[in-house]
Amino acid sequence: MITSLNPASHTLSNHTVQSARAGLQSGAFSAVELTTAYLERIHGLNPRLNAFITVADEAALAQARAADQRIARGDTSPLLGIPLGLKDVLSTSGLRTTAGSRILENYIPVWDATVVARLRAAGAVFVGKCNTDEFAMGSTTENSGYGVTRNPHDESRVPGGSSGGPAAAVAADLCVAAIGTDTGGSVRTPAAFCGITGLKNSYGRVSRYGVLAYGSSLDSVGVLARNAMDAALVNGIIAGHDPSDATCVDIPVPNYAGEIETSTNLRGLKVGVPREYFVDGLQREVRDGIQTGIKQLEALGARIVEVSLPNTSLALSVYYMIAPAEVSSNLSRFDGVRYGLRVSGHDLVDMVCNTRTQGFGPEAKRRIMLGTYALSAGYYDAYYTRAQKVRTLIKRDFERAFEQVDVMVSPITPTTAFKIGEKADDPITMYLTDVFTVSMNLAGTCGLSVPCGKDDAGLPIGMQVMGPWMGESTVLKVAQAFQQAVGYGSYIV
Ligand code: GLN
């Protein structure tokens, strides 16, 4: 099914944030009724899709009751009573948070991540914690310690990753929108594979406080939604300065929804097409889909120019040096002493070894070893320092390109969603999937994935719109105009 931008606001399913809000505010249904309907669908479909690791029935209904009281008092906050999914790397007070890892199987945080606290204060309803690759390391959600999530468009295929749970949940109408994280593509890739809209924020736009860390210089919190307007509404709540995260910058948060509301054409906008992103090996339908998307942007008034990001071919190597280095440090806290799993041993070292051997899955172990190696005394300069230098070159590529254009457009992934297991045994082939997404995290810039057609097998294709640092409004405007022009938001199953 293709979602229209304005679905009926009186039913209990297939809602955008906007339509759910209209239904709640007009009294067509209550937050408790809406939440109950979403929870029922989760219980019906989750055994098949495995989009949620934890379903929060009771807590969600309590939040829904509180939202109904606020609505009755005349509160009109945009997310009041809206059922949302949360990637399971976001700490939720009193609600199990696993990061997709068995090492945190029984971990219940005592505080909320700042993002969660802001959504909670805004009256959103958390229906559950969504599946993810272990500590967000992966491109398919096959690295989860809780089983793979299935793509709702074809259950034999991956939903993308690492935010595969949130993306599948939105695409299958198990929640209205969801929060994910993107360290090297993890919001954009699953959004593309599942046919929805995925916004990756600039580094420092959204607080990382309480988000279980993967690569601290790369991690960014983002939104998975049915369309740009919904992403804008949610982003308006989660973005902004947080004294608890020293890297979260103190720059005013635009009224994203207000700014994009009137975006109906792209006159005066310069769109760059980076030549290095249209390589051999691109699936034919993906290439054609993006070309058609670019023509539509042109028809909306944008000027299309070719640009170059010359260091693109180095991005994967740099990313897969820096991200494992950071994760090897971040995961050192899981030692059986502080919190999470503890497996006993005959002395302290044995206990730590047993805990980490049992608690971490193969990909986490692989990255800990890679990262520890890259950071070790004899190799630090040869690998880590050199990677940081090339990272600066990649960042400069983006700065130069954005002196010429407002946004850039490219594919998200070389192919549409592939079969579960197809690449799971070959980490290098899997890492290549990230070729178009990791540069933005190295550069710290923002962007999004917007659906732009389907391939011959009926699988969604995602178009990447890349913007400069803090350019969220611009990329959202492009997506909004594009979605209005093509007449739909997302492909929902
Ligand atoms: N696929 C990339 C990785 O495995 C990106 C993951 C992410 O963005 N969290 O590192």
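For clarity, every value in this text was computed on a predicted model and none was experimentally measured. Remember, it's 1-based here, ligands and their atoms both numbered in the order they're listed.
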K.L.:
Looking at D335 and R356, does any basic side-chain N land under 4.0 Å from a carboxylate oxygen?
P.N.:
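Between R356 and D335 there is no salt bridge, as every charged N stays at least 4.0 Å from the carboxylate O atoms.
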K.L.:
Would you check, one step at a time, whether the test side-chain hydrogen bond (donor to acceptor under 3.5 Å, both in side chains) holds for S217 with E326?
P.N.:
CA-CA 8 Å; S217 77; E326 293 186 5; 2.6 Å; yes
K.L.:
For M137 and ligand 1, does the shortest N/O to N/O distance drop below 3.5 Å?
P.N.:
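No; the residue has no nitrogen or oxygen that sits under 3.5 Å from a nitrogen or oxygen of the ligand.
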K.L.:
With the threshold set at 4.0 Å, does a side-chain nitrogen-carboxylate oxygen contact exist between R208 and D242?
P.N.:
no
K.L.:
Indicate yes or no: at least one non-hydrogen side-chain atom of F193 is less than 4.5 angstrom from one of P159.
P.N.:
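They are not in side-chain contact.
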K.L.:
Under 4.0 Å between a side-chain nitrogen and a carboxylate oxygen: does that hold for R226 and D173?
P.N.:
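A salt bridge links R226 with D173.
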K.L.:
What protein heavy atom is closest to atom 5 (C) of ligand 1, reported as residue, atom name and distance in Å?
P.N.:
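Its nearest protein heavy-atom neighbour is Y319 OH, 3.3 Å.
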K.L.:
State plainly whether the residues R205 and E472 are in salt-bridge range, i.e. N to O under 4.0 Å.
P.N.:
no
K.L.:
Look up atom CH2 in W469 and atom CZ in F398, then write down how far apart they are to the nearest 0.5 Å.
P.N.:
16.0 Å
K.L.:
Under a 4.0 angstrom heavy-atom cut-off, which atoms of ligand 1 come close to S162?
P.N.:
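Those atoms are 9 (N).
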K.L.:
Is the contact between T183 and ligand 1 made by the side chain, the backbone, both, or neither, using heavy atoms and a 4.0 Å cut-off?
P.N.:
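Contact part for T183 vs ligand 1: both backbone and side chain.
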K.L.:
Does the residue M430 have a heavy-atom contact with ligand 1, meaning some pair of atoms that are separated by less than 4.0 Å?
P.N.:
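It does not; every heavy atom stays at 4.0 Å or beyond.
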K.L.:
May I ask you to identify the nearest protein heavy atom to atom 7 (C) of ligand 1, giving residue, atom name and distance to one decimal place in Å?
P.N.:
S186 OG, 2.3 Å
K.L.:
Near A136, which atoms of ligand 1 are under 4.0 Å from a heavy atom of that residue?
P.N.:
6 (C), 7 (C), 9 (N)
K.L.:
Between K87 and ligand 1, is there a nitrogen or oxygen pair with a distance under 3.5 Å?
P.N.:
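It does not: no N or O of K87 is found under 3.5 Å from an N or O of ligand 1.
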K.L.:
Is the shortest N/O to N/O distance between T181 and ligand 1 below 3.5 Å?
P.N.:
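No, there is no polar N/O contact under 3.5 Å.
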K.L.:
Taking the basic N atoms (NZ, or NE/NH1/NH2) and the acidic carboxylate oxygens, is any pair closer than 4.0 Å for E105 and R102?
P.N.:
yes
K.L.:
Please indicate whether any nitrogen or oxygen in Y214 is less than 3.5 Å from any nitrogen or oxygen in ligand 1.
P.N.:
yes
K.L.:
Quick test: of every protein heavy atom, which one is nearest to atom 2 (C) of ligand 1, and how far off is it to 0.1 Å?
P.N.:
D434 OD2, 3.2 Å
K.L.:
In terms of atom number and element, which parts of ligand 1 are under 4.0 angstrom from non-hydrogen atoms of R367?
P.N.:
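Counting atoms of ligand 1 from 1, those under 4.0 Å from R367 are 3 (C), 4 (O), 10 (O).
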K.L.:
Given side-chain contact (heavy atoms from CB on, under 4.5 Å), test R188 with D182 step by step and report yes or no.
P.N.:
CA-CA 8 Å; R188 291 161 285 157; D182 191 311; 2.9 Å; yes
K.L.:
At the 4.0 Å heavy-atom cut-off, does Y320 count as touching ligand 1?
P.N.:
yes
K.L.:
Any non-hydrogen atom of G138 lying under 4.0 Å from ligand 1?
P.N.:
yes
